[in-house]
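All heavy atoms count here, side chains included; hydrogens, waters and symmetry mates do not. In this text, all values refer to a predicted model and were calculated from it rather than measured experimentally.
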Amino acid sequence: MDPKRRIKKEEVIRTSKEAEMFNDALVAKAKVLGFITGGMVAGTLGLEGVQGFIFYFITHIICSACICFSLNFTAMPFFKDLSAIMTGNIFTNLLSYLLFWVMFYNLIYVL
Amino acid sequence: RKLFIKNMAKLGIIIGSIIILHSAYSMIEHRKFQNEDFVDSVPLDIIVEVLLGMLINMVSGAFFFNDYMPIQEASILSKISYSEVHANTDLRPLNKTRTGLLKKYRKIATVKDLAKDNSRVNKLLKKVA
C-alpha cells in the first residue's frame with residue numbers, strides 16, 4: 001500500500017461486535033476472580049475502612065496488569081486499545097470484593 | 001499448547017486459593033496466642049504468603065480466560081462460508097438491502113459457495129443452467 005495515498009473515511013478497519021463483546025466478557029470473568037482474591041487478601045490482612053477501598057483500586061490495577069501481561073501487552077488482534085481494560089468496569093466488582101473482604105475479616109478478627 | 005496453558009492456569013488458581021486459605025487459617029491460629037492487652041500486627045510471613053497467593057491467582061486467572069476471538073472481520077470472514085455471513089437474523093439490519101450488505105462485506109459468492117446453500121437462489125440458478 002502506498003504511504004502517500006490518503007486514507008478515505010470508508011477504509012476503516014471493520015471490527016466484529018460479537019467478537020468485541022465476547023472478549024469483554026472474558027476480561028470481566030478474569031477480573032471477577034481477581035477481585036474475589038483481593039477481597040480475601042484484604043480480609044486476611046485486617047484492612048479497615050478507607051484502607052480497604054484503597055486496596056480495591058490497587059487490586060484493580062494489578063488485575064488489569066495481569067490481563068495485559070497475558071496478552072503480551074499488545075491489543076491487536078483481540079482488542080482495539082489496551083487502555084479499555086484498565087479503565088473499563090472499575091466499580092462493577094465492588095460488591096463481590098466487599099463480600100469476601102467482610103467475610104474473611106469476620107472469620108479472622110471477630111469470631 | 002493452549003490446552004496445556006489452560007490446565008496450568010487451572011492448577012495455578014487452585015494453588016493460589018489454597019495458599020490464601022492457608023494464610024487465613026494461620027492468621028486465625030496466630031490471633032489465638034495474642035493477649036487482649038497486647039495486639040500484634042500481621043506477621044511478615046503471612047503478608048508475604050497472602051500476596052504471593054494473590055499474584056498466583058490473578059496471573060493464572062488471566063491466562064485461564066485467554067480464549068479471545070480476533071475482532072477484525074477479515075479474519076472471521078476467511079474462516080466461515082458465504083452462507084454463514086448472513087445467517088444470524090438477529091444481527092441483520094432491517095433497513096439495508098441485500099446488495100448493500102454484499103458490498104459491505106466484499107465477499108464475492110462463487111458458484112461453489114452457492115452450490116452448498118440450499119436456498120431459493122440456488123434452485124433458480126439450477127433452473128437457468
From [X] atom [atom1] to [Y] atom [atom2], the distance as rounded to the nearest 0.5 Å:
X: A/T37; Y: B/I56; atom1: OG1; atom2: CD1; value: 11.5 Å
X: B/S23; Y: A/I108; atom1: OG; atom2: CD1; value: 7.5 Å
X: A/L26; Y: B/F64; atom1: CG; atom2: CZ; value: 10.5 Å

Assigning hydrophobic clusters by single linkage (Ile, Leu, Val, Met, Phe, Trp, Tyr; side-chain heavy-atom cutoff under 4.5 Å), is B/V42 placed with B/L44?
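Shared cluster, no.
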Members of residues 90-104 of chain A whose heavy atoms come closer than 4.5 Å to chain B
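Heavy-atom contacts from residues 90-104 of chain A to chain B are A/F104.
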Residues in residues 45-67 of chain A near chain B [non-hydrogen atoms, under 4.5 Å]
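Near chain B, by residue number: A/L45, A/F55, A/T59, A/I62, A/C63, A/C66, A/I67.
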Between the side chain of B/N57 and the main-chain N/O of A/G34, is any donor-acceptor distance below 3.5 Å?
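Between the backbone of A/G34 and the side chain of B/N57 there is no qualifying donor-acceptor contact (under 3.5 Å).
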Parallel, tilted or perpendicular: ring planes of A/F78 versus B/Y68, cut at 30 and 60 degrees:
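Taking B/Y68 first and then A/F78, their aromatic rings sit tilted (interplane angle of 30° to 60°).
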What heavy-atom pair brings [X] and [Y] nearest, and what distance separates the two atoms?
X: A/A30; Y: B/A62; result: CB-CA, 4.5 Å
X: B/M54; Y: A/G38; result: SD-CA, 4.4 Å
X: A/N23; Y: B/I71; result: ND2-CG2, 3.5 Å
X: A/T44; Y: B/M27; result: O-CG, 3.9 Å

Give a yes or no on whether A/F73 atom CZ has more than 12 heavy-atom contacts from other residues, nucleotides or ligands under 6.0 Å away.
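Atom CZ in A/F73 is crowded, with more than 12 foreign heavy atoms closer than 6.0 Å.
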Would you say B/M58 and A/L33 make side-chain contact, with heavy atoms under 4.5 Å?
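Of all side-chain heavy-atom pairs linking A/L33 with B/M58, none is under 4.5 Å.
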Heavy-atom pairs under 4.5 Å with chain B - which of A/F69, A/Y109, A/F22, A/F79 has more of them than the others?
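With the most close heavy-atom pairs to chain B, the winner is A/Y109.
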Who wins among B/I47, B/I46, B/D67 for the most heavy-atom pairs under 4.5 Å with chain A?
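When all of B/I47, B/I46, B/D67 are compared, B/D67 has the most.
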Heavy-atom proximity to chain A below 4.5 Å, by part of B/I5:
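Nothing of B/I5, per the 4.5 Å heavy-atom cut-off to chain A.
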Check each atom of A/L71 against the heavy atoms of chain B and say whether the ones under 4.5 Å are side chain, backbone, both or neither.
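Only the side chain of A/L71 comes within 4.5 Å of chain B.
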